[in-house]
Amino acid sequence: MSLNMDRVASAFTFKGGMLPMTVMELTSADPEQIRAQLAGKVSQSPAFFQHTPVVLSVEQLDEPHLALERICAVCRAHKLLPVAVRGGTDPVKQSAWALGLGWFPPQEARPRAVEEAPLAAAEPQPEAEASPAPAVGRIYRGTVRSGQQVTAPEGDLVVVGAVNPGAEVLAAGSVHVYGPLRGRALGGIHGDRQAGIFCKELHAELLSLAGNYKRLEDIDPRLLNQPVQVQLRDDQLNISSLG
Amino acid sequence: MAKIIVVTSGKGGVGKTTSAAAIATGLALRGNKTVVIDFDVGLRNLDLIMGCERRVVYDLINVIQGEAGLNQALIRDKRTENLHILPASQTRDKEALTPEGVEKVLETLSQEYDFIVCDSPAGIEHGAQLAMYFADEAIVVTNPEVSSVRDSDRILGLLASKTRRAERSEPPVKEHLLITRYDPSRVTSGDMLTLEDVREILAINLVGLIPESEAVLRASNQGVPVVHDMDSDAGKAYADTVSRLLGEEVPLRFHEYQKKGLLSRMFGGGRR
């Protein structure tokens, strides 16, 4: 019996998520100075300090050793919940882990993360480098139905059939739909700015190329029901009729 | 071996139980040994629609948990020969419905019946997935309305991936579209999606179209499946549906708006 019933068979599932997170950029390593400034902030906006999770960024500090434990204690005393540390030397990393905190590499050195959630690509990323799409693609035959997601992690995606409302098709390269496109189509999900979207009938809920997107509402109604191509021009999605 | 047919929709209130009752009754009236199973644990309705709510002693969960034998739980339909009902539990926790238990019940019933009709609960959770898991065929009940169409689309995706046939890479579950509560006059006026709109999006074979009819509500409240009311449009439409399920070619009716003539306006009264 392999019926997949989440509640019975598995205790959890891992999901990628992008959560809003406050970064506390430290410019001083002195816990007393931090305490004084926090006390002032709390009186200005008490609503903010409700066990708010924060990431302590120590990138601006030059000290190899930090009184991390005391800084955390000061934060907690002001109802801030340090959850992780960003940047710093190896000893800083070790003491973060010892305190049960996560550690992130410094921002500049971080390799460009591969977008896990398709909507993460919706943030404009002007610095995204065009990475040439490899030739391997994917051909999907049939209707992509509501709730289904068809992805070509490398290369182009070709759908021979309809993409229904509530369905999502994604490709590192271009997306081609030989049928009505009624759901969401995202091309160039790793930042390929040359990628395009092509379909026989446009009704898409969302079109996105390399993180730039247009919603159905933003699409010129004259282009609906038409065969179209979508390309990226000056960070804008350009939709033109193929008819 | 029985053919297992699930009646499902995703969305609630579209007419799953009404359809399951009418189709199971229709199959039995045509001489097929049929059992209809209510999978909606906690929101049991099928017994009411079938008019046997006063005869429920044991239910599906009692059988699965070994508290009653299958024959003790099966209720023989009073009006129709060859028809049995297996009710759901109204009080038990729906987690008690286990895949192994359901498989065993279906296997036993399979030896004796020609058709097993599973009335699925709404939604896409545990109960709905279990109702469809063992199916050979699926009747997807859809109203001509956008949210119902989208939910049916979602169910069709699950039928293609979360069923035993899909997991064993056997021939896929045969999908049928049943459109219910179709009102040609409201389609003509643009209030409702047209038959073609629905078929275009769902892209599966149409097995029946049931017109909006007062006979359906009357049948539900009386506990007599509407297919017994052969004077009504809905009764006839369900009978057509059963014929198509059995592989017959029957022309579609009740999908076009008939302007009422003077005489029927004077004497015809309401919709039947």
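So that the names make sense, note that chain A is the first sequence line, chain B the second, and so on, each numbered from 1. Just so you know, these numbers come straight off a predicted model, no measurement behind them.
The ring pair (Phe, Tyr, Trp, His ring centres under 6.0 Å) contacts involving residues 159-188 of chain A comprise A:His176-A:Phe198, where partners must be two or more places apart or lie in separate chains.
Interatomic distance, CZ of A:Arg145 versus CG of B:Leu158, reported as 11.0 Å (0.5 Å rounding).
Shown here is B:Arg181, whose CZ atom has no more than 12 heavy atoms of other residues, nucleotides or ligands within 6.0 Å. Heavy atoms of other residues, nucleotides or ligands lying less than 6.0 angstrom from NZ of A:Lys214 number more than 12.
The side chain to side chain contact (heavy atoms under 4.5 Å, CB included) check on A:Trp103 picks up A:Val85, A:Lys93, A:Trp97, A:Pro105, A:Pro106, with sequence neighbours excluded. With sequence neighbours excluded, the residues satisfying side chain to side chain contact (heavy atoms under 4.5 Å, CB included) with B:Thr18 are B:Val216, B:Ser220, B:Tyr238.
For residues 59-70 of chain B, heavy-atom neighbours of chain A at less than 4.5 Å comprise no residues at all.
In this structure, the portion of B:Ile204 lying under 4.5 Å from any heavy atom of chain A is its side chain and not its backbone.
Residues A:Ser146 and B:Arg150 approach most closely at OG-CG, 3.5 Å, considering heavy atoms.
Judged purely by atom type and a 3.5 angstrom limit, A:Asn164 uses its side chain to pair as donor or acceptor with the backbone of B:Ile201.
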